[in-house]
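Please read the structure below before turning to the comments.
Labels below follow one simple rule: chain letters A, B, ... track the order of the sequence lines, proteins then strands, and each chain is numbered from 1. Note: hydrogens, waters and symmetry copies are ignored here, and every other heavy atom, side chains too, is used.
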2 protein chains.
Amino acid sequence: MSTEAPKRLTIYDLAKLADSSPSTVSAVLNGTWRSRRISEKLATRILSVATDADYSVNMQARALRRERSGIIGMILPLYDNRYFSSIAQIFEAEARKRGLFAIVSCTNRDPQQEQDAAQMMISHRVEKLICTGATDPDSIARMCQAQGVETINLDLPGKLAPSVISANRDGARMLTKAILDRLKNCGRPNDPIIFVGGRIEDHNTRERIAGFKEALDARGIESPENNIMPCGYSGSRAAPVLDGYLLKHKALPSAIFVNSTITLEGIARWFHDQGHNMSEIVFGCFDWDPLAAVFNPHFLMVRQNVPIMVERLFELMEGARYTAGEVIEIQPEILGDLT
Amino acid sequence: MSTEAPKRLTIYDLAKLADSSPSTVSAVLNGTWRSRRISEKLATRILSVATDADYSVNMQARALRRERSGIIGMILPLYDNRYFSSIAQIFEAEARKRGLFAIVSCTNRDPQQEQDAAQMMISHRVEKLICTGATDPDSIARMCQAQGVETINLDLPGKLAPSVISANRDGARMLTKAILDRLKNCGRPNDPIIFVGGRIEDHNTRERIAGFKEALDARGIESPENNIMPCGYSGSRAAPVLDGYLLKHKALPSAIFVNSTITLEGIARWFHDQGHNMSEIVFGCFDWDPLAAVFNPHFLMVRQNVPIMVERLFELMEGARYTAGEVIEIQPEILGDLT
DNA sequence: ACATAATGCACAACCGATTGCGCAATACTG
DNA sequence: CAGTATTGCGCAATCGGTTGTGCATTATGT
């Protein structure tokens, strides 16, 4: 810990130790030695010298010379829900399988941080950049294009790069349908149902609202426009919305379409604080959390298919032909007692 | 997207464009130009050329030459619970504040993956490596030492590097005490209480068991050794343990000390599957999840103080004097209706 | 035995930044 | 106006690998 300048071993040191040359050592260590006709004997000697000297290659130098970093980057709003955290985790695992090193950065849904992080990643010469849930994917795509880095959008689509997203409209329609079935089973098929959470500016929320409306229309149920309340993603935004509804209608809605687990958290807190009972209301949440699900088996939840989404992502990266604005939609799954 | 070899701009290109020299361009771009007595006029010219050519420095080259990467690494078991995900998130934010780039890798509680990831990070020349919840922190520390990289342990302590962890024993004692208070308030002060989850091999679980016992002892309550069941971290391990208890005692315990949110998930699933009612039992969980908390306000939960832990971590990195095996313990907090 | 081919390895030029040093031009001093 | 100090900038070496090329040495063919 206290020794100053430990001076890491280089291939030059190894060359001396093994009584050989740097180029030979390099070839042996990176596996190209056969094609360079290095004798097996010398190769094993160098290899053993390297291992017992605890040598490790300097990726900076390798990347510089090869003009390929072997790194792929991802920017992500947050880690703190199951959807995003599993995206990060699976992305990393898939990258590793392919011999790539994944670096992930959280940008807190802040366009400036998104830009900065993307710039950082470009500086580190990532080979591709995945923009997950970016508030402004297109300006990042522009940046990347200017510097010759391919981008792919995940979760939220953009116009300047291909995108892999959930089938939000379908998912929302299925979720709403399940909610309506549940209401019907309770003998209240025409009771009011509201939509809470998300941002109207973002594509996913708009699609989910569209799916919500389609499902209602299909049953001939009228949906007053002001029962749709995309009040943002923060949990604290839910309380005023519910207060407002209660004040106006003197009663709670019979069902709530909740647009994210973070909104669900805010709603649950409000119910608890106000002393209302959640079990009297049908909840459908577009997003899935295992703890929420296990405590509320009657909740209907949409689980987005992260493994498939990430699989498609890598297919795109690995050269499947695609066009800039192309959007690949992955079907999510409805969980909860659908009886 | 289709242009082959876009050839990124270098300081040599900029030098030509600005009619200057690479060394001058370099100095201007990295901010050392004043000390190199470059005229303000030339500096602004170069800067404007660089910005409208969308130049970005090649960190690989910079790192190679400077022999400092500006990168710090962290290995982490998983992202999929609030404790670890907030560790990653706060670590990243703090690194960014200090002009460092954080790279985080999940290692799935697998010693081999831990080793591999650590080796990867060393190859990328991280300046420090944080081992979070590592199953075998010491062999990683040894590896790092051999290659001149400082390590710090987080969450689980090691002998060969300083560690920042939660005060597990204190937290467990406080949590157990809160559980006992709750039982007493229900008029059942001497009812059985069990401990479920975690691995006996890991330091944190052992400490928590010790704290659990201390709290019981302090009240003169006897705790049969086989009421303590560190059955692992996986959620599915909980079911057989509860089955066994029920079979033996013909009744459920009145209180359960749950050693992680993942175990809590398994327990909740078992209660649901078996048709038992969780609200008749006092639950205390060593770990915190906001959704679990909001759905079960009566749950007692321990929230580890991640912001402070990460703060201490950076203090250690920034050269506070420390000795190899030193352990810094941070007090966690008990949440839940403590009335 | 001699020409040719194959084998085994090392040389040296990169990749793109950083930085010690030196040189010219200008400013200042007496 | 000669001599020194300061200003402003570029040269070239360097970080640690990679890779095109070339030169001995040994093997093969006739």
> Does C:dG16 have OP1 or OP2 sitting under 4.0 Å from an N or O in the side chain of B:Thr10?
Replying inline: no
> Does the side chain of A:Ser139 come under 3.5 Å of the side chain of A:Asp136 through a donor N or O and an acceptor N or O?
Replying inline: yes
> So what does B:Leu29 hit on the nucleic acid, given a heavy-atom distance under 4.0 Å: a base, only sugar-phosphate, or nothing?
Replying inline: nothing
> Rounded to the Å, how far apart are B:Glu67 CD and C:dG16 C1'?
Replying inline: 15 Å
> When the aromatic ring centroids of B:Phe314 and B:Phe91 are compared, is their separation below 6.0 Å?
Replying inline: yes
> Taking CG from A:Leu64 and C1' from C:dC14, how many angstroms apart are they, rounded to a whole number?
Replying inline: 9 Å
>> From CZ of A:Arg68 over to C1' of D:dT18, roughly how many Å is that when rounded to an integer?
In response: 14 Å
> Which heavy-atom pair separates A:Ala118 from A:Ile75 by the least distance, and what is that distance?
Replying inline: N-CG2, 4.5 Å
> Which residues in residues 49-57 of chain A have at least one heavy atom lying under 4.0 Å from any atom of DNA chain D?
Replying inline: A:Tyr55
> Over how many whole Å does the gap from B:Ile11 atom CD1 to C:dT18 atom P extend?
Replying inline: 7 Å
> For B:Arg8 and C:dA17, what is the distance between atoms CZ and P respectively, to the nearest whole Å?
Replying inline: 11 Å
> Salt bridge between A:Glu67 and A:Arg125, side-chain N to carboxylate O under 4.0 Å?
Replying inline: no
>> As a quick check of understanding, evaluate side chain to side chain donor-acceptor pair (under 3.5 Å) for B:Glu150 and B:Gln145, giving each step before the final call.
In response: CA-CA 7 Å; B:Glu150 282 185 28; B:Gln145 255 170 23; over 6 Å; no
> Between B:Arg62 (CZ) and D:dG16 (P), how many Å, whole number?
Replying inline: 18 Å
> Passes side chain to side chain donor-acceptor pair (under 3.5 Å), A:Gln89 versus B:Tyr79? Steps please.
Replying inline: CA-CA 7 Å; A:Gln89 214 164 298; B:Tyr79 286 127; over 6 Å; no
> What is the distance, rounded to the nearest whole Å, between atom NZ of A:Lys41 and atom C1' of C:dC9?
Replying inline: 13 Å
> Is there a donor-acceptor contact under 3.5 Å linking the side chains of B:Tyr83 and B:Asp155?
Replying inline: yes
> How many Å lie between OH on B:Tyr12 and P on C:dA17, as a whole number?
Replying inline: 8 Å
>> Out of the candidates A:Gln113, A:Arg109, A:Arg199, A:Glu114, only one should pair with A:Thr135 under the side-chain hydrogen bond (donor to acceptor under 3.5 Å, both in side chains) rule; please name it.
In response: A:Glu114
> Hey, what do you get for CG (B:Leu316) to CG (B:Leu154), rounding to the nearest 0.5 Å?
Replying inline: 10.0 Å
> Which nucleotides of nucleotides 19-28 of chain C have their base under 4.0 Å from a protein heavy atom (B), which only their sugar-phosphate (S), and which neither (-), written as one string 5' to 3'?
Replying inline: BB--------
